[in-house]
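Reading through the structure tokens given below for one structure.
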Amino acid sequence: MVDDQVAELVRRAYEGEVLGVALFGRLVGEEPDRDQARRLYAVQLLEEQTLAAARRLADDLGVAVSDGDAAEIGAGVADALLPMAWPERMRAVSGATGGYRDLYAQLEEAIGAAEHAAVGQLRAHERALHRFAAAEADGDRHAVEHLLAELDGRHRERFDAFGL
């Protein structure tokens, strides 16, 4: 069993990934530009993959987690982002990753990446998302490579099947 501080960090990490899956799923579904939707789909897949890692972490540590209202909040954030032009939207996403990068750093300090692989996956995911969004905001057409490098084979196959 873990202490209350670690349990709270794990719960927040899990809920953050639930929020991210809902947020990017909504953005994908509402994005009229097929190429931008494809890039957002890569984020959604990375969020789904990382949610599974957060679930494993919680299960392994015996931390009870729930979706709560995280999916609803994620959909609301997506609705707030949708009217923004692509570069501004990506800047907002890039900026929003800071809180999660801090959360995952705290989790790594409390647990250690060597103690559980999911902690390293959470950190790598958030760094990739930040690099992607910042590069997209700057107009880098290869920004999606930051995300694709983190996808496992199953999620990469789903991305490839999305097509254009």
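Atoms considered below: every heavy atom in the structure, side chains included; atoms not considered: hydrogens, waters and symmetry mates. Since the model is a prediction, treat every value here as computed from it, not as a measurement.
Heavy atoms only, all atoms of each residue included: Val21 and Gln44 are closest at O-CG, 4.3 Å. Of all the heavy atoms in Glu47 and Gly20, the pair that sits closest is OE1-CA, 3.4 Å. Ser94 approaches Ala133 most closely through the heavy-atom pair N-CB, 3.6 Å. Summarising the geometry of Ala137 relative to Pro87, their closest heavy-atom pair is CB-O, 3.6 Å, with the distance given to 0.1 Å. When all heavy atoms of Val144 and Ala42 are compared, the pair lying nearest together is CG2-CB, 3.7 Å. Leu23 approaches Val77 most closely through the heavy-atom pair CD1-CG1, 3.3 Å.
Of the inter-residue distances, the one linking Phe159 atom CZ with Leu151 atom CG reads 8.0 Å to the nearest 0.5 angstrom. For the atom pair CD of Glu150 and NE2 of His155, the computed distance is 13.0 Å after rounding to the nearest 0.5 Å. To the nearest 0.5 Å, the span separating CG on Leu45 from CD on Glu157 amounts to 11.5 Å. Note that CG of Leu19 and CG of Asp69 are 9.0 Å apart. Values are rounded to the nearest 0.5 Å.
Every pair passing salt bridge (Lys or Arg N to Asp or Glu O under 4.0 Å) that includes a residue from residues 87-105 is listed here, sequence neighbours excluded: Glu31-Arg89, Glu88-Arg91.
Ion pairing between Arg11 and Glu8 holds under the 4.0 Å rule for side-chain N and carboxylate O.
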As a quick check of understanding, evaluate side chain to side chain contact (heavy atoms under 4.5 Å, CB included) for Thr50 and Gln121, giving each step before the final call. CA-CA 7 Å; Thr50 310; Gln121 289 175 310; 5.6 Å; no
Could you walk me through whether Leu122 and Glu17 pass the side chain to side chain contact (heavy atoms under 4.5 Å, CB included) check? CA-CA 9 Å; Leu122 290 165; Glu17 297 311 315; 4.3 Å; yes
Set out, in order, the CA-CA distance, both residues' side-chain angles and the distance that settles salt bridge (Lys or Arg N to Asp or Glu O under 4.0 Å) for Asp35 and Arg141, then state yes or no. CA-CA 10 Å; Asp35 185 48; Arg141 301 302 290 171; 2.5 Å; yes
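With Phe162 as the aromatic partner, Arg34 meets the cation-pi criteria of under 6.0 angstrom to the ring centre and within 45 degrees of the ring axis.
Side chains of Val43 and Arg39 form no contact here, defined as non-hydrogen atoms less than 4.5 Å apart. Using a 4.5 Å heavy-atom cutoff, the side chains of Arg127 and Arg131 are in contact. Side-chain contact between Tyr104 and Leu9: absent, with no pair of heavy atoms (C-beta onward) separated by less than 4.5 Å. Leu27 is listed as a side-chain neighbour of Phe24, based on a closest heavy-atom distance under 4.5 Å. When side chains are defined from C-beta on, Gln49 does not count as touching Arg158, because their heavy atoms never get closer than 4.5 Å. Between Leu107 and Arg12 the shortest side-chain heavy-atom distance does not fall below 4.5 Å. Residues Val65 and Val18 have side chains not in contact (no heavy-atom distance under 4.5 Å, counting atoms from C-beta outward). Annotation: side chain of Phe132 is not in contact with side chain of Val93 (no heavy-atom distance under 4.5 Å).
The local environment of CG in Asp33 is crowded, with over 12 non-hydrogen atoms from other residues, nucleotides or ligands closer than 6.0 Å.
Side chain of Asp3 to backbone of Gln5: a donor-acceptor contact under 3.5 angstrom is found.
Among the candidates Val10, Val6, Leu57, the single residue satisfying the side chain to side chain contact (heavy atoms under 4.5 Å, CB included) test with Val63 is Val10.
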